[in-house]
Number of protein chains: 2
Amino acid sequence: MGPLDSFLPYLLNRAGARIAASFSEEVRSLGATLQMWRVLAALRDRDGRRMGDLSETTSIEVSTLTRLVDAMEQKGLVTRHRDAGDARAVMLHVTAAGRRLTERLLPIAERYEAVALAGFSAAETKTLKAALRRLYGNMEGLER
Amino acid sequence: MGPLDSFLPYLLNRAGARIAASFSEEVRSLGATLQMWRVLAALRDRDGRRMGDLSETTSIEVSTLTRLVDAMEQKGLVTRHRDAGDARAVMLHVTAAGRRLTERLLPIAERYEAVALAGFSAAETKTLKAALRRLYGNMEGLER
DNA sequence: TCGATTTATTTGTAAATGCAAATAACGAGG
DNA sequence: CCTCGTTATTTGCATTTACAAATAAATCGA
């Protein structure tokens with residue numbers, strides 16, 4: 001126990017890394033990746049989002065997202081459509097196959113959530129999530 | 001605000017990503033990277049650690065760490081030494097230049113911590129950090 | 001002590017990532 | 001209704017990353 005594990009970014013990173021590593025491994029057999037799940041989950045919330053919007057909400061760089069979406073399109077999970085109103089923008093839509101995959105990933109995500117939060121009371125969980133949102137908000141504007 | 005931002009891994013990831021992005025950008029001018037800071041911080045806690053040990057505590061893959069340490073060695077920040085007792089193991093030691101860089105990075109890290117936790121009481125901060133450690137512990141064994 | 005197994009690190013190689021430049025379309029001002 | 005600056009996305013390219021194989025040394029057991 002040194003000062004290292006008193007640093008918040010460190011604690012945040014290692015917790016996130018562990019969950020990400022486990023989840024990634026588990027969903028590999030479904031032909032999915034963690035990043036794909038993030039995109040699918042974002043589209044599950046609201047379908048027909050722009051690339052930039054998705055980049056913002058998933059924290060995936062736009063150029064990385066472009067190539068990820070290429071792969072997802074190849075797999076038939078999503079389709080690109082030019083925005084009717086603004087021809088610069090691309091709208092992403094989930095396909096039926098994409099929705100089916102999402103429905104298979106969802107219970108896995110929920111299970112991981114349960115494992116990560118084992119022993120946490122509902123109130124503790126709520127407090128933690130609120131703190132993480134607040135923290136995210138505090139870093140606003142400092143983003144590159 | 002959809003269910004997406006009720007998922008803990010999502011909240012964890014985006015908060016971590018924001019801090020990481022800002023910090024990375026800021027330390028670039030010092031010739032450092034976030035990963036280098038993680039290694040230096042780990043060595044600040046305890047010098048002369050093994051590669052595997054460092055990999056574990058920094059959440060950086062060993063093969064990635066090898067190449068990162070190559071770069072840090074080139075920059076004269078650290079040195080590799082074979083362990084006298086076990087010739088398979090490599091012990092990493094910080095150099096004087098590495099220590100100087102560490103001392104310059106430390107206040108930056110502290111500032112980021114302060115910004116991230118702006119508005120948090122000491123008790124809230126403590127609770128959050130404890131929760132993150134607990135969460136990390138909960139994922140133990142599920143690691144690949 | 002020899003051989004087999006395990007452990008620690010590095011290296012090979014392919015995929016993921018991120019920055020910067022390129023492309024394309026919008027919108028404001030003259 | 002052009003031209004200029006801005007915005008959205010993609011592409012080029014160099015770096016980072018990760019998995020798997022290779023290397024090397026320790027340990028265990030016959």
Side-chain angles (χ1 to χ4, degrees), chain A residues 13-14 16-18 20-29 31-39 48-75 78-93 143-144, chain B residues 13-14 16-18 20-29 31-39 48-75 78-93 143-144:
Chain A
N13 177 69
R14 69 173 196 176
R18 244 188 201 181
S22 294
F23 187 84
S24 294
E25 193 191 6
E26 174 134 6
V27 301
R28 192 187 300 182
S29 60
T33 66
L34 173 59
Q35 304 290 60
M36 287 182 185
W37 160 244
R38 290 198 174 124
V39 171
R49 303 174 82 152
R50 296 173 162 213
M51 297 295 286
D53 178 8
L54 275 172
S55 169
E56 174 74 19
T57 84
T58 60
S59 304
I60 301 172
E61 262 282 320
V62 279
S63 67
T64 303
L65 186 62
T66 288
R67 289 176 255 245
L68 175 61
V69 166
D70 288 347
M72 292 178 75
E73 217 176 4
Q74 291 257 320
K75 281 174 163 283
V78 296
T79 54
R80 278 180 168 101
H81 294 291
R82 280 285 154 194
D83 186 327
D86 184 344
R88 290 170 303 178
V90 168
M91 311 281 272
L92 259 206
H93 292 273
E143 314 168 76
R144 78 211 135 86
Chain B
N13 176 69
R14 68 173 198 177
R18 245 189 199 179
S22 294
F23 187 85
S24 294
E25 193 190 8
E26 175 135 5
V27 302
R28 191 188 302 182
S29 60
T33 66
L34 172 60
Q35 303 290 60
M36 287 182 185
W37 160 244
R38 290 200 173 123
V39 170
R49 303 174 82 152
R50 297 173 160 210
M51 298 295 285
D53 178 9
L54 276 172
S55 168
E56 174 74 19
T57 83
T58 60
S59 303
I60 301 172
E61 263 281 321
V62 279
S63 68
T64 302
L65 186 62
T66 287
R67 288 175 254 246
L68 174 62
V69 166
D70 288 347
M72 294 178 75
E73 217 175 5
Q74 291 257 320
K75 281 175 163 283
V78 296
T79 54
R80 278 180 168 100
H81 295 289
R82 278 286 153 195
D83 186 327
D86 184 344
R88 290 170 304 179
V90 167
M91 312 280 272
L92 259 204
H93 292 273
E143 316 166 74
R144 78 210 134 83

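Chain naming here is simple, since letters A, B, ... match the order of the sequence lines and numbering starts at 1 in each. All of these numbers come straight from a predicted model, not from anything done at the bench.
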For R49(A), side-chain hydrogen bond (donor to acceptor under 3.5 Å, both in side chains) partners two or more places apart: D53(A)
With sequence neighbours excluded, residues passing side-chain hydrogen bond (donor to acceptor under 3.5 Å, both in side chains) with R38(A): Q35(A)
Below 4.0 Å: OP1/OP2 of dT9(C) and any side-chain N or O of R82(B): no
Any N/O donor-acceptor pair, R88(A) side-chain to dG27(C) base, under 3.5 Å: no
What N/O pairs connect the protein and nucleotides 14-16 of chain D at under 3.5 Å? Give each pair on its own line.
none

Any donor-acceptor N/O pair under 3.5 Å between dG18(C) base and R28(B) side chain: no
T79(A): side-chain contact (heavy atoms from CB on, under 4.5 Å) partners, not counting sequence neighbours: H81(A), H93(A), T95(A)
Under the side-chain contact (heavy atoms from CB on, under 4.5 Å) test, residues paired with A32(B) that sit two or more places apart: V27(B), L101(B), L105(B)
Sugar-phosphate, base or nothing in reach of R67(A), heavy atoms under 4.0 Å: base
Distance, rounded to the nearest Å, where L34(A) contributes CG and dT17(D) contributes C1': 15 Å
Atom-pair distance (CE on M36(B); P on dT17(D)), nearest Å: 10 Å
Contacts of type side-chain contact (heavy atoms from CB on, under 4.5 Å), residue R80(A), not counting sequence neighbours: M51(A), T66(A), V69(A), D70(A), E73(A), V90(A), L92(A)
Length of the line joining L65(B):CG and dC19(D):P, which is rounded to integer Å: 15 Å
5′-ward residue of the pair V62(A)/S63(B) relative to DNA chain D: V62(A)
Spatial distance of atom CG (D86(B)) from atom CE (M91(B)) [nearest 0.5 Å]: 10.0 Å
Nearest-angstrom distance from the residue atom CG of D83(A) to C1' of dA8(D): 11 Å
